[in-house]
Amino acid sequence: MRLQAIDAGEGPPVVLLHGQPGSAADWGPVIERLRGRLRVIAPDRPGYGRTGGSAAGFHENAAALIELLDRLEIESAVVAGHSWASGVALAAAIRFPQRVRALVLAAPVAPGVPPSLADRLLAHPVLGTAATRIGFVAAGSALAVPPLRKLAHATVPTLPPEQIAVNAVEWRTGGAWRSFHREQRAFLIELPSLEPQLASIDRPTTILRGSRDRVSTAAHARRLAEAMPQARLLTIERATHMLPQQRPRLVAEAIAAAAT
């Protein structure tokens with residue numbers, strides 16, 4: 001899979017991996033804060049944005065990331081992953097340790113933590129397909145209503161209204177729901193295999209968690225931090241799961257610190 005990516009700025013390279021669903025544009029507020037001092041690479045992961053195609057699991061995503069680094073002639077980089085994509089960052093550090101200088105995991109998934117009932121439902125081959133499709137159409141239709149789109153922008157003010165409008169169309173009429181469902185399957189099937197190898201990751205790792213995050217819970221973040229020898233856990237107060245959009249300055253600072 002040949003990833004399409006934003007490539008901006010000069011300096012030590014950092015890679016920003018968006019969550020599920022999403023695109024490189026989700027990192028926009030962070031990119032603007034980093035591009036003056038770092039080279040920022042933000043790909044659209046398989047199944048999303050300009051890359052398109054079929055979504056892939058954690059290991060295929062990691063291999064696509066390495067192909068991108070090869071193409072850009074980057075020997076190693078700091079890799080930051082948000083939510084589902086933190087599993088991609090972990091897989092890359094396990095499989096290709098020489099290519100990963102450090103990790104920044106924002107609102108991460110936690111290998112070894114039993115999936116929730118909702119996650120199991122969304123990953124179901126039949127029920128999950130229907131639930132995901134219905135959920136995306138409903139969310140996209142809601143965001144097409146101007147008052148609700150304004151509410152979404154007020155909740156995450158750093159996300160431009162035009163990006164919210166693009167998301168609304170994609171969720172309502174595009175194939176993002178298929179990518180989401182396929183990644184949910186990988187969440188259940190592939191993610192647990194990373195747990196036994198977490199202790200082998202000897203790269204500096206910063207784990208960021210919002211104090212109001214109900215998806216990546218405090219217990220999950222602590223478990224991940226305790227499993228990795230060079231990990232530190234930072235809690236960002238009054239933030240939810242959408243850290244790159246809600247607290248871009250703090251996320252950018254953590255990435256810049258990892259790169260210097």
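Numbers here are sequence positions counted from 1.
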Any chain of hydrophobic side-chain contacts (each under 4.5 Å) joining [X] to [Y]?
X      : Y      : value
Leu121 : Ile189 : no
Leu233 : Ile201 : yes
Ile6   : Val15  : no
Leu17  : Ile31  : no
Val88  : Phe96  : yes

Nearest atoms (heavy-atom pairs only) where [X] meets [Y]:
X      : Y      : result
Pro108 : Ser216 : O-OG, 2.7 Å
Val109 : Ser86  : N-OG, 3.0 Å
Phe58  : Ala186 : CE1-O, 3.5 Å
Leu243 : Ala107 : CD1-N, 3.9 Å
Thr51  : Arg2   : CG2-O, 3.9 Å
Pro111 : Leu224 : CD-CD1, 4.0 Å

Checklist entry - Under 3.5 Å, side chain of His241 to main-chain N/O of Gly210, donor-acceptor pair present? => result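 No: the side chain of His241 does not pair with the backbone of Gly210.
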
Checklist entry - Among all residues two or more places apart in sequence or in another chain, which pass the salt bridge (charged side-chain N to carboxylate O under 4.0 Å, His left out) test with Asp119? => result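 Once residues adjacent in sequence are excluded, Asp119 has no partner under the salt bridge (charged side-chain N to carboxylate O under 4.0 Å, His left out) criterion.
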
Identify every side-chain donor-acceptor pair in residues 69-79 under 3.5 Å, counting partners at least two apart or on other chains, and give the distances.
residue: Asp70; atom: OD1; partner: Arg99; partner atom: NH1; Å: 2.9
residue: Asp70; atom: OD1; partner: Arg99; partner atom: NH2; Å: 2.9
residue: Arg71; atom: NE; partner: Glu67; partner atom: OE2; Å: 3.3
residue: Arg71; atom: NH1; partner: Leu3; partner atom: O; Å: 3.4
residue: Arg71; atom: NH2; partner: Leu3; partner atom: O; Å: 3.1
residue: Arg71; atom: NH2; partner: Glu67; partner atom: OE1; Å: 2.9

Item to check | Qualifying residues under ring-ring contact (aromatic ring centres under 6.0 Å, His included), relative to Phe187, sequence neighbours excluded | outcome: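 Scan of Phe187 (ring-ring contact (aromatic ring centres under 6.0 Å, His included), adjacent residues dropped) gives none.
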
Item to check | Residues forming a ring-ring contact (aromatic ring centres under 6.0 Å, His included) with Trp27, sequence neighbours excluded | outcome: none

Item to check | Given Arg212, Gln246, Arg247, the one that forms side chain to side chain donor-acceptor pair (under 3.5 Å) with Thr240 | outcome: Gln246

Pair up each side-chain donor or acceptor in residues 251-260 with any protein partner under 3.5 Å, not counting sequence neighbours, and list the distances.
residue: Glu253; atom: OE2; partner: Arg249; partner atom: NH1; Å: 2.9
residue: Thr260; atom: OG1; partner: Ala256; partner atom: O; Å: 3.1
residue: Thr260; atom: OG1; partner: Ala257; partner atom: O; Å: 3.4

Checklist entry - Which side chain to side chain donor-acceptor pair (under 3.5 Å) pairs, counting each pair once, include a residue from residues 189-204, with sequence neighbours left out? => result Glu195-Arg223

